[in-house]
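Data block below; observations after.
Just so we're on the same page: letters track the sequence lines, and every chain starts at 1.
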Amino acid sequence: MQGILDNLNPEQLKAVTLARQCALILAGAGSGKTRVLTTRIAYLIQTGAVSPAGILAVTFTNKAAREMLTRLSAMLPINTRGMWIGTFHGLCNRLLRIHFRDADLPQLFQILDSGDQQSLVKRLAKAQGIDEEKFPPRQLQAFINNCKEAGLRANAVEASDEFTRRMVTFYAEYDAQCNREGVVDFAELLLRTFELLSKNLDILQHYQARFRYILVDEFQDTNKLQYKWIKLLAGTNGCVFAVGDDDQSIYRFRGAEVGNMNELVRDFAITDVVKLEQNYRSQGNILDAANAIIAHNKARLGKNLWTAEGKGEPLRVYAAPNDEDEARFIVEEVRSLNREGIALSDMALLYRSNAQSRVLEHTLFRASVPYRVYGGLRFFERQEVKHALAYLRLAANPDDDTAFTRVVNFPPRGIGTRSVEQLQDASDQGLGSLMHGARTGIVGGRSGAALKQFVETIDALRKSSETLTLPELVEEVLERSRLKDHYGAEKDGQDRLENLNELINAAAAFAEDFEHGLEPAGEAQEDVANAGTPEQQILAAFLAHASLEAGEREAAAGQDALQLMTVHSAKGLEFSAVFISGLEEGLFPHENSMLEDGGVEEERRLMYVAITRARKRLYLSYAGSRMLHGQPRYGIVSRFVEEVPAQLCKWLVLPEKQFENRGQTTFFRGGEKRGLSPNWSAGGGRAPQADPGRYRSAERATFERQRPDEQPFSIGQNVRHAKFGDGVVIDFEGRGLDARVQVRFASEGTKWLALQFAKLTAV
DNA sequence: TGTACTTAAGTTTTT
DNA sequence: CTTAAGTACA
């Protein structure tokens, strides 16, 4: 017992050992939030306050849920299986699988990810002859999701104008179509569960009695519906332990309501909010900067981070004449820090929007600095994987029209848009799903025959799904669908084939976990009375898994590499050294945010998150000009840089030296709320020129010294390629973007590689 | 029906 | 600049 409470500070201890009462823990960045959450669970179980089965812990990401489970099993020698720890969506999926009848869902309902949802919206909008100019599919999709996340069905949405009324109608038709197909989107998982519990008192009471303790992570990110969901499950006797930080609320654009924190305090009569303000991550100056910036926001719950550590280094601020120079500066600093012994993987290069990574990547590449970009395509989102999954989905549920349209003519089998339209028309007239139409031979001629073949393939797969193990079934899918043949024949299909093989492995691994009850759905299985064949159960669980957990981001080679990511994806992480780039008005804070009410405050919280990622070193940089959409844009320093107290900063180049004629160029600074004037002057505007004298020539000299780095590979050099492995450069031609190198690989033979595309690193 | 060209548009993201 | 989506043509 003593063990788990050791080394907690007084506030952490208070939070962990609270008596049975609802609580809001205001946990600042780096204050040991996850530790408090997991220790609280361990404490409750160890003191016998509750059995593991009485715990419900909700997170936003699978990663956070896994982290919690890992730490928990390190703390307690218990079986974590009975515990409900997971994401909102994962837990809802679990509930709906158990109570599919009461939720009015087919047993093997499928989950649409955002991409699937968008194709469904597009298909439906087209079928209804909706003007895509007036109602862009993206907007329709957003409208539906916003409604659902507010807990509103179409019949509950108030529409005052014609435009909204049309969208509401569409929403109703969309839902009807989902029901026909037996599919649910992400927001539907939550709304459907909420309705299930609202309408079935016995089920609600069962779970209210079971989950005596409900814990919520990142509470500031909950949306309206999620909060209602928590409230419903907690009931009058529940005990909610919410951990959050209003200063780190950066997801308002996807429906997060910081106001839920105040609601919670009111609804659950919380009398004292526990504040965790001691920061164990950043040194003093960094923390002071964060506090100073966030102090500009109004309507905060109020919290000030402090540290027992010293002040540490000052913040480094660099004003670059342009984006390329900014990148060059960062790369030099990264190398210098690396020489001082900081691992590349312990440094992060942050930016506001993904588009900014290109210049940075280019410069890093030329300088042979290994890096890893977060935010790429994930495994289950890859085209070839989604195709294979669509066949699996049809095997599980032939009425899944989204899956049907995706693969009915992929690989190409002579079924064109015309034929699919015929099926669609028939379906619109109430003649059933697309698959049903294909089966009944609505389409004649060659296409009709091809369709018949397709139906037979799916039927065969469906039969196989009843008996084959999951990995066997996946293999069968790859063969029968001819996906393997198709990608095998494609000249650049090797990577895709590898991913398809990887899917078999993923299926095997999943089946294994499922059998051992490691997958939560494995337990849910016990609760289901009438379950179909076990093989079909596993298939449904696997498909849900593929939608809910898109898989780890593309794993780079395990080497030490600089971490590149948006500020959003940096949330929750920490690094010894952090570079925040592109600190210009219009970029960060983003220009679009200035039009929204409270938009700049959200951007400021984003800046706060960025700063508090750093342990020891923090760099802020901005560029006088930046290439955007192929044209130069001229910007001025972000207000966020100016909000940092001057005494915390060390300017590496004095700003006035770079922008000599700044006073002559007219720049606008948007207001916090109105922001009517653009903060970027367009391409034709006058640039803040660098001082043609001293500064420029000094920079030129630096560029000259950098020259050799432009051609990082010389003959005889050892290099590494992400796919082909290690090799040696044996020839070279071209310059700049056209440059190609010939590399002899240890295992893959000799290849010519375009430097522009191939990710080669020096070894 | 599939390929090649043109054109438009371009925050942040998890489930 | 890049990418995606849509249109014209073989």
Side-chain angles (χ1 to χ4, degrees), chain A residues 58-65 86-93 111-119 122 132-133 136-138 142 145 148-149 184-191 217-218 221-223 225-226 249-256 323 350-359 362 374-376 378 380-381 383 409-420 446-447 450 544-551 553 565-572 582 586-596 599 602-603 605-607 609-610 626-633 683 737 756:
Chain A
V58 203
T59 63
F60 276 86
T61 65
N62 293 299
K63 196 177 158 200
T87 63
F88 277 102
H89 297 84
L91 296 170
C92 286
N93 176 50
I111 300 167
L112 300 181
D113 67 21
S114 322
D116 300 330
Q117 188 188 28
Q118 175 139 69
S119 358
K122 269 188 188 160
E132 291 205 5
E133 298 273 285
R138 264 190 71 88
N145 290 337
K148 289 191 180 185
E149 279 159 14
V184 297
D185 58 50
F186 285 136
E188 183 71 26
L189 282 172
L190 275 133
L191 184 51
D217 189 19
E218 304 275 17
D221 287 338
T222 51
N223 63 34
L225 178 57
Q226 285 160 342
S249 157
I250 55 174
Y251 285 113
R252 201 182 54 157
F253 70 92
R254 66 173 202 221
D323 50 354
L350 309 183
Y351 34 80
R352 174 67 236 274
S353 60
N354 282 310
Q356 287 166 253
S357 77
R358 260 196 50 247
V359 186
H362 188 70
Y374 283 73
R378 287 172 306 175
F380 286 113
E381 286 168 350
Q383 185 206 121
N409 196 35
F410 195 93
R413 50 172 71 85
I415 302 167
T417 33
R418 207 165 31 84
S419 310
V420 179
R446 254 208 311 277
S447 301
H545 166 83
S547 294
L548 291 173
E549 191 163 358
R553 290 262 157 78
M565 65 192 86
T566 63
V567 180
H568 281 93
S569 33
K571 193 176 164 203
L587 237 201
F588 196 0
H590 196 276
E591 52 193 338
N592 295 359
S593 73
M594 298 183 201
L595 302 169
E596 300 160 21
E602 171 121 340
E603 296 283 307
R605 290 192 291 271
L606 201 47
M607 183 66 184
V609 168
R626 179 178 297 280
M627 292 302 278
L628 204 65
H629 311 329
Q631 286 206 316
R633 292 270 204 120
L737 288 179
Q756 197 186 345

(request) Please determine, for C:dC9, whether a Watson-Crick or G-U wobble partner exists with both distances under 3.5 Å, and give it or none. (result)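 Base partner found: B:dG2.
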Remember a base hit wins even if backbone is also touched, and classify [X] as base, sugar-phosphate or nothing at under 4.0 Å, heavy atoms.
X        : value
A:Glu602 : nothing
A:Arg352 : base
A:Ser114 : base
A:Phe253 : base
A:Asp185 : nothing
A:Leu189 : nothing

Is the shortest side-chain N/O distance from [X] to OP1 or OP2 of [N] below 4.0 Å?
X        : N      : result
A:Asn62  : B:dT14 : no
A:Asn409 : B:dG2  : yes
A:Thr566 : B:dT13 : yes
A:Asn592 : B:dG10 : no
A:Arg378 : B:dT15 : yes

If you take all heavy atoms of [X] and [Y], which pair is closest and at what distance?
X        : Y        : value
A:Thr61  : A:Thr87  : C-CG2, 3.4 Å
A:Leu189 : A:Cys92  : O-CB, 3.6 Å
A:Ile250 : A:His568 : O-NE2, 3.3 Å

(message) Regarding B:dT13, can its base be found pairing with the side chain of A:Ser569 as donor and acceptor, where the two atoms are less than 3.5 Å apart?
(response)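 There is none.
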(message) Tell me whether A:Glu149 is salt-bridged to A:Arg254, with the criterion being a basic N under 4.0 Å from an acidic carboxylate O.
(response)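 So A:Glu149 does not pair with A:Arg254 through a salt bridge.
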(message) Determine whether the aromatic ring of A:His629 stacks with the base of B:dA9, defined as ring centroids separated by less than 5.5 Å and ring planes inclined by less than 30°.
(response)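 Answer is no, no stack.
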(message) List the residues meeting ring pair (Phe, Tyr, Trp, His ring centres under 6.0 Å) with A:Tyr351, not counting sequence neighbours, and say none if there are none.
(response)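 By the ring pair (Phe, Tyr, Trp, His ring centres under 6.0 Å) rule, A:Tyr351 matches no residue at all.
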(message) Using the P atom as the point on both nucleotides, what is the distance between B:dT13 and C:dA4, in whole Å?
(response)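 Each nucleotide's P atom is 16 Å from the other's.
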(message) What is the distance, to the nearest angstrom, from the CZ atom on A:Arg605 to the P atom on B:dT13?
(response)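 In whole Å, B:dT13 P lies 17 Å from A:Arg605 CZ.
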